[in-house]
2 protein chains.
Amino acid sequence: MFELPQFQEQPRERADAARNRERILAAAGTLVAESGIDSVSMEDVAKAACVGTGTLYRRFGDRAGLAFALLDDQTKDFQDALIAGPPPLGPGIPAAQRLHAFGAGFLDLLETHAPLMVAAAPSVKESAGVLGLYSTHLRILLEEATPHLDPRYTAEALLAMLDPAYHLRMRRLLGYSLDQLVAGWDGLIDAITATPRP
Amino acid sequence: MFELPQFQEQPRERADAARNRERILAAAGTLVAESGIDSVSMEDVAKAACVGTGTLYRRFGDRAGLAFALLDDQTKDFQDALIAGPPPLGPGIPAAQRLHAFGAGFLDLLETHAPLMVAAAPSVKESAGVLGLYSTHLRILLEEATPHLDPRYTAEALLAMLDPAYHLRMRRLLGYSLDQLVAGWDGLIDAITATPRP
DNA sequence: CACGTAAGCGGAATCGATTCCGTTTACGGG
DNA sequence: CCCGTAAACGGAATCGATTCCGCTTACGTG
């Protein structure tokens, strides 16, 4: 009786498990920072964290899940800024301006984290969670800025242009500069937020 | 003397090599048609083609290369139609209409071949060759239809929305129907081809 | 037709991701 | 403090992709 509301239906993480989670994230963070996600194997991480490979998988599901956990750390700031930060990323100004800021900010993240994002993409959490957040964010802005386009679809379309694999193709294979990509985004936002033909 | 112009600087493919190429493509085509690219391993293909795995790799480079070769077969028609077929896919009508037709046609290809396209995406040939073709095609249409947007960038942006991984996300995860995707594409094309604010 | 050689061959070996399973450990209850 | 049990461990086993390498064969030449 007098029980507290049952959040945390899961029996709470065991102390050793929590310690290992930290170790793994720390080790993985260091290794990835040193040589890039693509040259770090799961066994490398396990060894550096003094942990068996099984522990990596129990904790993070798979390689994509680990990449996602790493990414989440380094991206939370951006997400918070979207929701509750100061303009132009956060609320308080016209949606069109926030769309521009979102593009610039996301492209900036991509510049640093695109390879990690590519590695995290197959993760279930990624697809369901973060992408959903960005998609919702864009949809809400678009509802205000482009009454003549389907906001739900258009949000996804814009997200496609911020796909990390696509970004790497643009930057490395096709030789676009970051500035050109920002300019391209801005042009597109202007085009879809312009008043349609009278 | 009196030599013919030296195209085919490569000494021509050996007879047994050509035979094996056919065998492999045939076997792979059957297996993929039966159970989908994702449940077919390189060894499955090698066995079905009565060939060593080494032969697969010498001929196609890697899994993505094999997927690409398979795809190319099943896609050549579409590519030809773009360049020399009858309208609305081929030339002869206003660019805006051809942009709509391109989207509908490509989405139709995706409906059938998206998983194969995902598998082919890492291939060097894919990135350089076919994507380049589509990108060029779109660029040319956009030059005519959207004088106020950078055609080169916009072509790539539109291609991002036809990315096979993105398409699978829209269809399977987010539950969009093919019709909705076509409608979304059409709306976007209309938006960017509309006369900008007077 | 016999020969030389480069191209092609097959399948064993290697490498990394992921799964399995017998053993160890944290920790709530007695 | 002692026990029982579920959670967590670690690393061996498995699986598929890719590489390696010693052997075979097509085919241009004499």
Side-chain angles (χ1 to χ4, degrees), chain A residues 3-4 6 8-25 27-28 31-32 35-70 115-116 118-125, chain B residues 3 6 8-25 27-28 31-32 35-70 115-116 118-124:
Chain A
E3 290 186 345
L4 292 175
Q6 288 295 328
Q8 65 164 63
E9 65 300 331
Q10 303 304 321
R12 184 197 322 166
E13 183 174 51
R14 247 169 62 169
D16 52 347
R19 181 168 35 75
N20 279 335
R21 174 202 301 294
E22 295 313 320
R23 265 196 208 159
I24 292 169
L25 283 175
L31 289 177
V32 168
S35 30
I37 181 76
D38 291 334
S39 23
V40 175
S41 74
M42 293 301 267
E43 200 184 329
D44 291 340
V45 174
K47 261 180 208 148
C50 302
V51 141
T53 59
T55 300
L56 259 70
Y57 283 90
R58 196 168 331 87
R59 207 56 56 206
F60 298 100
D62 60 12
R63 183 182 171 80
L66 176 55
F68 177 75
L70 236 38
L116 197 54
V118 169
S123 158
V124 183
K125 285 180 183 172
Chain B
E3 291 185 348
Q6 287 295 329
Q8 65 166 60
E9 65 300 332
Q10 303 304 322
R12 181 195 325 167
E13 184 174 52
R14 244 169 64 170
D16 52 347
R19 182 169 34 76
N20 280 334
R21 174 203 301 293
E22 294 313 321
R23 264 197 208 158
I24 293 169
L25 283 175
L31 289 177
V32 167
S35 31
I37 181 77
D38 292 332
S39 21
V40 175
S41 73
M42 293 302 267
E43 201 186 327
D44 291 341
V45 174
K47 261 180 210 149
C50 302
V51 143
T53 59
T55 299
L56 259 69
Y57 283 89
R58 193 166 332 88
R59 208 55 58 204
F60 299 101
D62 59 14
R63 183 182 172 81
L66 176 55
F68 177 74
L70 235 37
L116 197 53
V118 168
S123 158
V124 184

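Side chains included, hydrogens not; waters and symmetry mates left out as well; all remaining heavy atoms used. Numbered from 1 within each chain, the chains take letters A, B, ... in sequence-line order.
Nearest heavy atoms, B:Cys50 versus B:Arg23: O-NH1, 3.7 Å. Residues A:Gly65 and A:Ser123 share a closest heavy-atom pair of N-CB, 4.1 Å. The minimum heavy-atom distance between A:Phe60 and A:Ile24, with the atom names listed, is CE1-CG2, 3.6 Å. Of all heavy-atom pairs between A:Glu13 and A:Ala18, the closest is OE1-CB, 3.5 Å.
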Nucleotide-resolved protein contact map, nucleotides 13-23 of chain D, B/S/- at heavy-atom distance under 4.0 Å: ---SSBB----
Contact string for nucleotides 24-30 of chain C, one letter per nucleotide 5' to 3', B = base within protein heavy-atom range under 4.0 Å, S = sugar-phosphate only, - = neither, reads -BSS---
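No donor-acceptor pair closer than 3.5 Å links the side chain of B:Thr55 to the backbone N or O of B:Val51.
Residues satisfying the side chain to side chain contact (heavy atoms under 4.5 Å, CB included) test with B:Arg63, not counting sequence neighbours, are B:Ile37, B:Met42.
Proximity of B:Leu25 to B:Leu66: side-chain heavy atoms (C-beta onward) are separated by under 4.5 Å at one or more points.
In this structure, the separation between CG on B:Leu56 and CG on B:Asp44 is 10.5 Å, given to the nearest 0.5 Å.
Side-chain nitrogen and oxygen atoms of A:Arg21 include none within less than 4.0 Å of the OP1 or OP2 phosphate oxygen of D:dA8.
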